[in-house]
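A short write-up of the structure that comes next.
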Amino acid sequence: MARYSIAIDVSRCSGCGSCFLACKDEYIGNDYLPYSLAQPEQGHKWMDLKEIEQGENSKVKVNYIPLMCQHCENPPCAKNAPEGAVYTREDGIVLFDPEKSKGCREIMENCCYGVVFWNEKENIPQKCGMCAHMLDNGEKAPRCVESCPSKALLFGDLDDPNSEISQYIAQRGDFAVLNPEYGANPSVVYRALPSPFITGEVILSDKMSECCEGAKVVCECSCGSKFETTTDFMGDFQFKHLKEGQDYTITVSYPGYKDFTTIVTLDKARDLGLIVLAK
Amino acid sequence: MCDKYKFDNVVRSTAWSPGPGCHGGCGVKLYVKDNKVVRVEGDEEHPFNHGRSCPRMMALTQYMYHPERFLYPLKRVGKRGEGKFERISWDEAFDTIEQRFNEIKEKYGPEAVIFAQGTGRDIGGAISFLCYSFGSPNWVQLGLSGQSCYTPRLGAMTMVQGAPCVADCGQFFEKRYDDERYQLPKYIVIWGQDPSAGCPDAFMGAWVVDCMKRGTKLICIDPRNTFYTSRAEHFLQIRPGTDGALAMGMLNLIIENKWYDAEFVEKWCHGFEELAERCKEYPLQKVSQITGIPQEDIFAATKAYATNNPSSIHWGVPIDMCPEGTTVAQAISLLWCLTGNLDVPGGNVIARPAFLITTYPYDTQQMKDLYGEGIMDFINTKRAGADQYKYLANFRGWAQPDLMVQQMIYGKPYPIKAAWIQTTNVLGGQAADLNKHYEALMNMEFNVVVDTFHNPTTMAVADIILPAATFAEKESFRTWYTPLQIINPAVQVGECKSDWEINLELARRFNPSIREKYPTFQHLVNERIGAHGFTYQKLRDEHNGWVYPTEGPSVPYKRYETGLLRRDGKPGFETPTGKVELWSTRHEEFDIDPLPFYKEPPESELATPELFKEYPLVMVTGKRSPLYFHAEHRNIPWLRSKDPYPKVEVNPKVLKELGISDGEWVWVENQRGKVLRKVKASIAMDEKCVSVPHGWWLPEEKGTYPDFFKAWTHNCNLLVPVGNQSSSGYGGGAYKTTLCRLRKVSPDEMPMLPPEVHDGAKEF
């Protein structure tokens with residue numbers, strides 16, 4: 001048994017579009033039966049690239065997320081699909097049978113990740129098939145993975161503890177699936193996904209021309225978790241990887257000055273700007 | 001299996017425009033089936049790119065076999081702008097061009113024909129052989145105001161340290177990062193660029209990521225947030241056009257705090273006291289005010305760069321587009337000189353072509369041998385701008401573009417009557433002041449355009465069109481910088497010929513010594529690389545197409561100690577003093593300030609406060625999309641589908657104030673004109689700037705007059721002036737500093753149209 005996966009390290013993705021193009025080159029005008037019919041010339045993005053901008057003021061981060069079929073263990077697209085229309089290979093690759101899926105729009109509509117497209121001409125749903133035809137042919141990785149210039153995409157077998165992908169995931173320790181709440185348990189995993197952050201800059205009321213280095217900043221989440229940091233030599237602090245929708249209490253303290261406290265309801269990445277500590 | 005997995009053979013070659021369009025260098029594998037390229041991949045054995053490529057490369061088959069590609073020579077049969085062209089043979093095309101150019105030469109002199117190119121790719125050789133064989137001094141990057149693309153930086157580096165430098169990513173070694181001589185930079189300063197999107201000037205953007213993965217940290221200087229700024233340890237969000245002030249401020253901090261390499265400065269630099277004195281005019285507070293960057297950020301970034309050797313600087317075209325671009329480049333290059341980062345591992349290394357082989361002659365004797373004894377004096381005194389700018393007369397063989405466009409219209413100091421236009425879509429691409437360039441080109445008696453597709457330039461002004469081959473269809477060679485590599489044809493498409501073939505054939509007709517020396521292109525290659533024991537065939541058959549020099553003057557490091565940099569073999573640099581010239585003796589000779597200084601952009605909040613009230617946003621053009629090369633590729637469906645519209649990127653706060661929504665079409669306008677753009681709300685943009693990507697025309701729209709593929713509706717260069725060139729003649733094109741405003745579109749308002757101009761075409 002094998003469970004093929006693509007591990008995506010968002011910190012390495014510069015948004016160059018090579019994966020997007022490689023997918024077009026592989027599938028437009030090319031049938032790979034029994035797995036797939038050709039991708040239409042226009043409209044489909046079996047491999048897409050989402051640009052995510054976050055932050056405020058001068059604290060802005062730009063990231064790119066390659067997004068394609070997540071190859072779920074419990075594929076939501078299979079719900080209500082005709083027998084055999086959505087199937088999972090022994091290696092974990094989820095595929096649509098071009099014959100049996102004909103006319104079944106629900107396959108597309110039920111995908112929680114929005115990565116299934118409708119082919120009007122053929123009257124079928126279509127998506128990334130992890131280049132199963134290439135793997136069958138002895139190739140080592142799907143086209144998108146092959147094409148990535150910064151190795152943000154890594155392909156391999158999750159069931160093999162010695163595979164490069166398993167080792168990399170173990171070594172990093174912070175890969176996770178997209179939207180675990182869907183309960184789909186995808187094979188595709190990500191790390192360094194953009195998550196909300198809180199930044200700010202601290203100065204002291206009687207030393208306004210200098211940055212305040214070494215101020216203690218505590219961030220307490222309404223969910224109970226608590227983080228602590230100190231401002232750097234530029235007076236900046238940053239809490240990364242926070243959760244959307246939670247309330248965070250930020251407390252800044254510095255010996256000899258009054259504490260500063262504020263509560264932030266995190267709907268997106270926030271920059272608290274300049275925080276002046278009074279005597 | 002489908003066709004793309006069945007192939008007859010694989011041809012290994014080197015990418016270099018046309019096709020992906022870029023500055024090239026990547027090793028490529030072209031899979032051929034039935035004489036068609038069916039698949040393209042990066043060559044994993046090639047040390048330049050290690051198997052990587054890019055979207056434009058992967059779309060190459062769409063480009064090569066596009067139904068609208070030029071496949072044979074055409075001549076215009078209707079009026080200019082009517083879009084009526086008729087197929088002709090190559091013989092007829094060559095004969096006509098030869099005859100028409102010779103007629104003009106007889107009547108007005110060879111200087112009346114200009115040879116125009118776009119950004120420098122695999123064209124310098126082809127176009128200079130033709131231009132000089134015909135006898136014209138006017139080789140020109142027509143339209144590129146201030147020639148503001150790399151030339152100012154190359155000029156400044158040549159003056160300061162005798163040769164250009166590049167950030168060291170191990171590119172001079174076959175083993176790259178693993179070569180034992182190499183060291184990783186502690187910091188890379190990315191100054192004004194998103195290297196992954198454009199792969200500029202013989203530099204692959206992914207090399208920066210390679211270094212980051214190995215531990216290099218980043219310092220980014222940019223008005224815009226990008227992938228790189230988001231990962232930078234220091235990000236200086238600069239006001240466009242003020243890079244000179246920042247560089248001066250950084251120099252000042254380095255000198256004040258003694259962060260410079262005292263031993264290197266003492267032994268190898270000229271003019272330190274004078275520079276130190278000048279830098280005092282740029283204290284931190286003042287620099288912070290000019291650039292809009294907080295003082296502590298400038299201080300911290302400068303300290304990080306200057307006190308962590310080795311570190312390197314990788315820079316972009318915004319430097320050239322600053323007012324006094326040459327001087328800004330001079331200031332920045334002094335940063336790596338002062339800090340001991342010059343020609344050391346992981347620093348900025350002196351970049352020389354592999355084995356010192358150049359693909360066409362630069363030096364005087366070779367020029368005289370080919371083109372006759374009087375050639376140098378003639379071109380150095382006659383080319384447009386040579387009488388005004390000593391840089392132009394003494395440095396590079398290009399006429400001054402801002403002066404050239406005037407001369408084409410007004411005929412002073414001498415008339416220009418014909419244009420050879422190759423690797424450039426003047427009206428859809430680089431030309432500032434579109435109207436003026438349209439008028440100038442229309443005023444010509446005869447225009448030849450060499451290109452791959454119809455575009456606003458071919459439609460508006462071409463009299464003869466010649467179909468150019470892509471890199472996959474041509475023989476060529478490359479030494480920019482290392483390795484020495486060949487471009488190896490895989491297939492033939494239509495009757496397309498390479499720029500080299502086209503130009504050599506005409507050059508032979510104008511210059512018997514070219515005919516005699518180079519009966520085929522391979523004769524030329526073999527002559528230029530022969531001294532090192534190579535031939536084109538040998539490189540192709542025995543070396544996989546490329547070879548790295550392992551030692552000698554084209555291999556770093558510290559060549560100034562061993563005498564490898566100077567013609568006379570003495571230690572030091574190829575400058576008049578033999579040292580790094582912090583105070584430039586060449587600049588003094590050229591009547592330019594020998595020391596760097598800062599100049600405010602011609603239009604800005606500070607320089608023109610009244611104008612700023614009316615146009616309160618800085619229009620930054622030139623943002624690169626990884627899917628397009630400048631004005632190309634909008635007709636390639638796969639690429640277009642990822643970035644379909646001409647956009648203006650605006651901070652949401654600005655949009656809110658103006659009552660404009662994300663996705664709305666708006667006018668971007670100033671006192672010169674207006675263009676239609678689709679709004680992309682982006683917090684990555686500074687609130688004082690908008691990003692307006694360049695090179696936009698719509699190949700799917702009508703190409704004939706007055707539509708010209710909607711160039712006059714979308715091309716942002718309608719808003720950019722000519723005439724802001726620096727005191728050197730190089731730099732200063734206001735592509736990133738022009739003021740503008742955004743305005744909602746009313747349904748009845750028409751876009752701009754091409755002006756009514758004199759059509760100077762002489763029928764034939």
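Letters go in sequence order (proteins before strands), and every chain restarts at 1.
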If every non-hydrogen atom of [X] is compared with every non-hydrogen atom of [Y], which pair is closest and at what distance?
X        : Y       : value
B/Pro626 : A/Cys16 : CB-O, 3.2 Å
B/Arg231 : A/Cys13 : NH2-O, 4.3 Å
B/Phe227 : A/Ser11 : CE1-O, 3.6 Å
A/Ser18  : B/Ser53 : OG-O, 3.9 Å

Next on the checklist: Applying side-chain contact (heavy atoms from CB on, under 4.5 Å) to B/Thr226 and A/Val62, what does each step give before you reach the verdict?
Outcome noted: CA-CA 6 Å; B/Thr226 67; A/Val62 181; 5.7 Å; no
Item to check | Partner chain B: residue of A/Asn63, A/Leu33, A/Val60, A/Leu49 with the largest heavy-atom pair count (under 4.5 Å) | outcome: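 Most pairs with chain B among the choices: A/Val60.
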Checklist entry - So do B/Arg39 and A/Glu26 actually touch side chain to side chain, heavy atoms under 4.5 Å? => result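 Side-chain contact under 4.5 Å: yes.
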Checklist entry - Given A/Leu21 and B/Trp638, is the side-chain contact (heavy atoms from CB on, under 4.5 Å) satisfied, shown in steps? => result CA-CA 7 Å; A/Leu21 240 293; B/Trp638 299 348; 3.7 Å; yes
[X], part contacting chain A, at a heavy-atom distance under 4.5 Å:
X        : result
B/Gln62  : side chain
B/Glu44  : neither
B/Glu296 : both
B/Ala684 : both
B/Ala681 : backbone
B/Leu627 : side chain
B/Asp297 : both

Mind checking the [atom1]-[atom2] spacing from [X] to [Y]? Nearest 0.5 Å is all I need.
X        : Y        : atom1 : atom2 : result
A/Gln54  : B/Ile683 : CD    : CD1   : 7.5 Å
A/Lys61  : B/Phe235 : NZ    : CZ    : 9.0 Å
A/Ser14  : B/Tyr228 : OG    : OH    : 5.0 Å
A/Asn57  : B/Gln237 : CG    : CD    : 10.0 Å
B/Lys653 : A/Glu56  : NZ    : CD    : 6.5 Å
B/Lys213 : A/Ser150 : NZ    : OG    : 6.0 Å

Check the surroundings of atom [atom1] in [X]: do more than 12 heavy atoms from other residues, nucleotides or ligands lie under 6.0 Å from it?
X        : atom1 : answer
A/Gln171 : CD    : yes
B/Lys623 : NZ    : yes
A/Glu99  : CD    : no
B/Tyr645 : OH    : no
B/Lys286 : NZ    : yes
A/Lys216 : NZ    : no
A/Glu164 : CD    : no

Next on the checklist: Apply side chain to side chain donor-acceptor pair (under 3.5 Å) to residues B/Ser682 and A/Glu53 and explain how you reach the verdict.
Outcome noted: CA-CA 7 Å; B/Ser682 169; A/Glu53 297 174 347; 2.6 Å; yes
Item to check | Residues which pass ring pair (Phe, Tyr, Trp, His ring centres under 6.0 Å) with B/His46, listed by chain and number, not counting sequence neighbours | outcome: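 For B/His46, the residues satisfying ring pair (Phe, Tyr, Trp, His ring centres under 6.0 Å) (neighbours in sequence not counted) are B/Trp546.
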Next on the checklist: Looking at A/Glu51 and B/Lys680, is there a salt bridge between them, counting it only when a charged N and a carboxylate O are closer than 4.0 Å?
Outcome noted: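 Salt bridge flag = yes for A/Glu51 with B/Lys680.
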Checklist entry - Taking 4.0 angstrom as the limit, do B/Lys642 and A/Asp48 come out as a salt bridge? => result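 Salt bridge: yes.
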Measuring heavy-atom distances to chain B, does [X] have an atom under 4.5 Å in its side chain, in its backbone, in both, or in neither?
X        : answer
A/Glu210 : neither
A/Lys45  : side chain
A/Gln39  : neither

Item to check | side-chain contact (heavy atoms from CB on, under 4.5 Å) assessment of B/Met57 paired with A/Asp25 | outcome: CA-CA 10 Å; B/Met57 183 65 72; A/Asp25 184 41; over 6 Å; no
Checklist entry - After noting the C-alpha distance and the side-chain angles of B/Ser641 and A/Phe20, does the key distance pass the side-chain contact (heavy atoms from CB on, under 4.5 Å) rule? => result CA-CA 10 Å; B/Ser641 65; A/Phe20 175 87; 3.4 Å; yes
